[in-house]
Amino acid sequence: MIHSANFHHRDQHYKTVFFETFGCQMNKLDAELSLGLLQEEGYKIVDNVDKADVILFNTCSVRQRAEDKVYSHLGALRILKKKHPDIIVGVLGCMAQKDGEAIFKRMPHVDLVCGTRMFSRLPELILKIRNHGSHVIAIDEDHIVNIKRAITYRPNTYQAFVTVMRGCDNFCSYCIVPYVRGREISRTIEDIKEEVRALISNGCKEVTLLGQNINSYGKSLNTTTTLGDLLSELNDLDGLERIRFVTSHPTDMSRDLIRTMSRLEKVCEHLHMPAQSGSDRILKEMRRGYVSNYYRELIHFAKEHIPHLTVASDFIVGFPGETDEDFQETVQLMETLRFQNCFIFKYSPRTGTRAAELKDDVPDEVKKSRNLKLLELQKRISLEKNKKLIGKQVQVLVDGASKSDPNRLSGRTRQNHIVVFSGSKDLIGELVDIRIHEVTDLTLYGTLKNSPYPA
Ligand code: SAH
Ligand code: SF4
Ligand code: F3S
């Protein structure tokens, strides 16, 4: 143990952990669950690696850039680890699952590699390293994660993410997720309800249900249970105000579910349903299981049945073989469907996937320029759509201080717009009505109804 002036807190009686997450929402929630476990074991969470006995990175493999970022963060810890060899450095999550032992080879100062289904064992794995001091790896694929939520660390009391299923069986040709997260496993409605009830009694008003492919919730349960059933049951829970769910896959999105959404008052009018491309040829190569007209009709049906519905989408540009014509079809889809917002990614080959066998033949400059074009198009559309909200009143769940202006508050509408306004901190966690008077492509600005504050 080190007892220098700077590091006097680094001893076994005072355990500190620094944690950073690189991946999607599901990864962020896994991080919260892990931190909850460690807190139960007496660990204190710190916001700086210099104060930490244990440094953990929860990692992502979805694109090369996500991995490069983690390796560069890990590389930067080499010096710290040399100075203080008792610090434990761990790599968790998707990249740990995918790269396994190779992480130790590339980064020998890493002590722990812990995959996507093993983080409930974190406390004992850390202890193993403390006692035996060697490289420890845990990437067992059969282990089922089920951590009771009561002990979870949560950054926001009013809003919570809840995992309802893990894994993905879709195998879109470009995607690594099914390989690193494994097969689809749904939790039972009873399990989920128990967790949501505990969250509500702890002050939670909004839950976002998480699944990589959430429309196939229930399939692994050997019952007829569907996502619609789960939504209906949660809708009945007193104290809960809003329910969201991500991410929807067009192929598994049933019209029944859309009808159920429109019937349940707590389910928010928002869908995140990635299109990925507007070209039927590319969609086929991507193994998405639909053509662009199917997607268009699905969105029209949803908008017809759910008034004020907003839709977010994801697109990949520069998939192998994507021509200018293919790309134009994506542009057209975006122009006609007018999404609320879109996430746009440059194709990144992932070893082991089907698409990785195709030649990555779209030059990076072309990927970049297509990416930029879609971003600009979406920015214009978002601004035009937001302008229509000027003068309108929206309901906002207040999250906390605005990131860009700590003197103001920020929150989200049911349609998932970010709203910034002035108000007392007492309003945090409340549902308030805001009149919109100014917008950008990303944010709405407004005033509280009957507000004593200037606009
Ligand atoms: N079904 C999950 C997908 C997670 S990955 C979900 O939507 O939450 C999120 C997005 O990353 C995908 O929708 C896709 O647009 C993008 N993506 C996945 N694999 C990719 C790759 N190899 N290259 C570029 N983008 C990718
Ligand atoms: Fe990946 Fe497709 Fe599964 Fe989403 S649905 S996680 S894009 S394989
Ligand atoms: Fe990344 Fe794993 Fe999520 S690969 S996108 S962190 S499921």
Side-chain angles (χ1 to χ4, degrees), residues 20-31 57-70 91-99 115-117 119 145 161 163-184 208-217 219 244-253 271-278 282-283 285-290 295 311-320 322 330 339 341-358 360 362 364 367-368 370-371 374:
E20 191 165 349
T21 299
F22 294 85
C24 61
Q25 206 51 62
M26 183 136 339
N27 238 26
K28 287 198 181 121
L29 180 56
D30 283 351
F57 291 148
N58 203 14
T59 61
C60 175
S61 283
V62 80
R63 282 168 291 277
Q64 188 58 42
R65 258 184 58 170
E67 296 195 345
D68 294 345
K69 209 161 136 193
V70 174
V91 178
L92 277 51
C94 296
M95 205 183 84
Q97 192 72 43
K98 176 173 155 284
D99 290 354
T116 51
R117 278 144 284 182
F119 60 86
V145 201
F161 293 95
T163 302
V164 302
M165 62 180 299
R166 289 184 173 275
C168 180
D169 289 353
N170 266 340
F171 290 93
C172 302
S173 67
Y174 49 81
C175 186
I176 196 74
V177 170
Y179 301 91
V180 291
R181 289 260 163 188
R183 300 289 61 74
E184 286 174 3
T208 303
L209 311 180
L210 296 182
Q212 291 293 354
N213 185 25
I214 199 155
N215 306 107
S216 61
Y217 169 78
K219 273 188 191 159
R244 303 182 187 279
F245 59 92
V246 287
T247 304
S248 290
H249 191 296
T251 306
D252 295 316
M253 177 53 133
L271 275 181
H272 183 188
M273 188 157 71
Q276 310 297 2
S277 171
I282 296 294
L283 284 169
E285 291 284 315
M286 287 178 162
R287 299 183 172 233
R288 290 288 289 178
Y290 54 86
Y295 184 84
V311 182
S313 192
D314 297 357
F315 289 94
I316 296 175
V317 294
F319 185 85
E322 186 187 66
T330 298
F339 299 103
N341 63 312
C342 287
F343 302 91
I344 297 149
F345 306 104
K346 290 192 293 172
Y347 171 69
S348 168
R350 309 281 68 211
T351 309
T353 62
R354 293 249 178 188
E357 291 161 25
L358 306 168
D360 181 19
V362 179
D364 199 50
K367 285 183 186 166
K368 261 192 204 136
R370 287 179 186 169
N371 190 353
L374 291 190

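Heavy-atom basis, side chains included; hydrogens, waters and symmetry copies ignored. Numbers here simply count residues along the sequence, with the first being 1. Whatever order the structure lists them in is the order used to number ligands and atoms, beginning at 1.
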Taking only non-hydrogen atoms of R181, do any sit less than 4.0 angstrom from ligand 2? no
Counting only heavy atoms, which portion of F345 has something under 4.0 Å from ligand 1: side chain, backbone, both, or neither? side chain
Provide, to 0.1 Å, the distance between atom 4 (S) of ligand 3 and the closest protein heavy atom, together with that atom's residue and name. S61 N, 3.3 Å
Among V177, L210, V62, V317, closest by heavy atom to atom 18 (C) of ligand 1 is V62
Can you tell me if C168 has an N, O or S atom under 2.8 Å away from atom 1 (Fe) of ligand 2? no
When you compare ligand 1 with Y347, is there at least one nitrogen or oxygen pair between them that comes in under 3.5 angstrom? no
Residue, atom and distance of the protein heavy atom nearest atom 1 (Fe) of ligand 3 read C60 SG, 2.3 Å
Under a heavy-atom criterion of less than 4.0 Å, does K346 contact ligand 1? yes
Are any non-hydrogen side-chain atoms of Q97 and R117 less than 4.5 angstrom apart? yes
Identify the protein heavy atom lying closest to atom 19 (N) of ligand 1, giving its residue, its atom name and the separation to 0.1 Å. Y174 CD1, 3.3 Å
Using 2.8 Å as the threshold, say whether any N, O or S atom from H249 sits that close to atom 2 (Fe) of ligand 2. no
Which ligand 2 atoms are under 4.0 Å away from a heavy-atom of C175? 1 (Fe), 6 (S), 7 (S), 8 (S)
K346 atom NZ, neighbour heavy-atom count above 12 within 6.0 Å: yes
Numbered atoms of ligand 1 (with element) below 4.0 Å of Q212, judged on heavy atoms: 1 (N), 2 (C), 3 (C), 4 (C), 6 (C), 8 (O)
Over 60° means perpendicular and under 30° means parallel, so tell me whether Y174 and F319 are parallel, tilted or perpendicular. perpendicular
Numbered atoms of ligand 1 (with element) below 4.0 Å of R63, judged on heavy atoms: 11 (O), 16 (C), 17 (N), 23 (N), 24 (C), 25 (N), 26 (C)
Flag T247 as yes when one of its N or O atoms lies below 3.5 Å from any N or O atom of ligand 1, and as no otherwise. yes
Numbering as shown, the atoms of ligand 1 that approach Q276 to under 4.0 Å (heavy-atom distance): 12 (C), 13 (O), 14 (C), 15 (O)
Taken to the nearest 0.5 Å, the spacing of D30 CG from T163 OG1 works out to 6.0 Å
Which of these, C24, C175, G23, has its nearest heavy atom closest to atom 3 (Fe) of ligand 3? C24
Heavy-atom distances under 4.0 Å are what count here, so tell me which part of Q212 touches ligand 3: side chain, backbone, both or neither. side chain
Would you mind listing which atoms of ligand 1 come within a distance below 4.0 Å of any non-hydrogen atom of R350? 22 (N)
For ligand 2, which atoms sit closer than 4.0 Å to a heavy atom of F171? 8 (S)
Taking a cutoff of less than 4.0 Å between a non-hydrogen atom of the residue and any ligand atom, is I316 in contact with ligand 1? yes
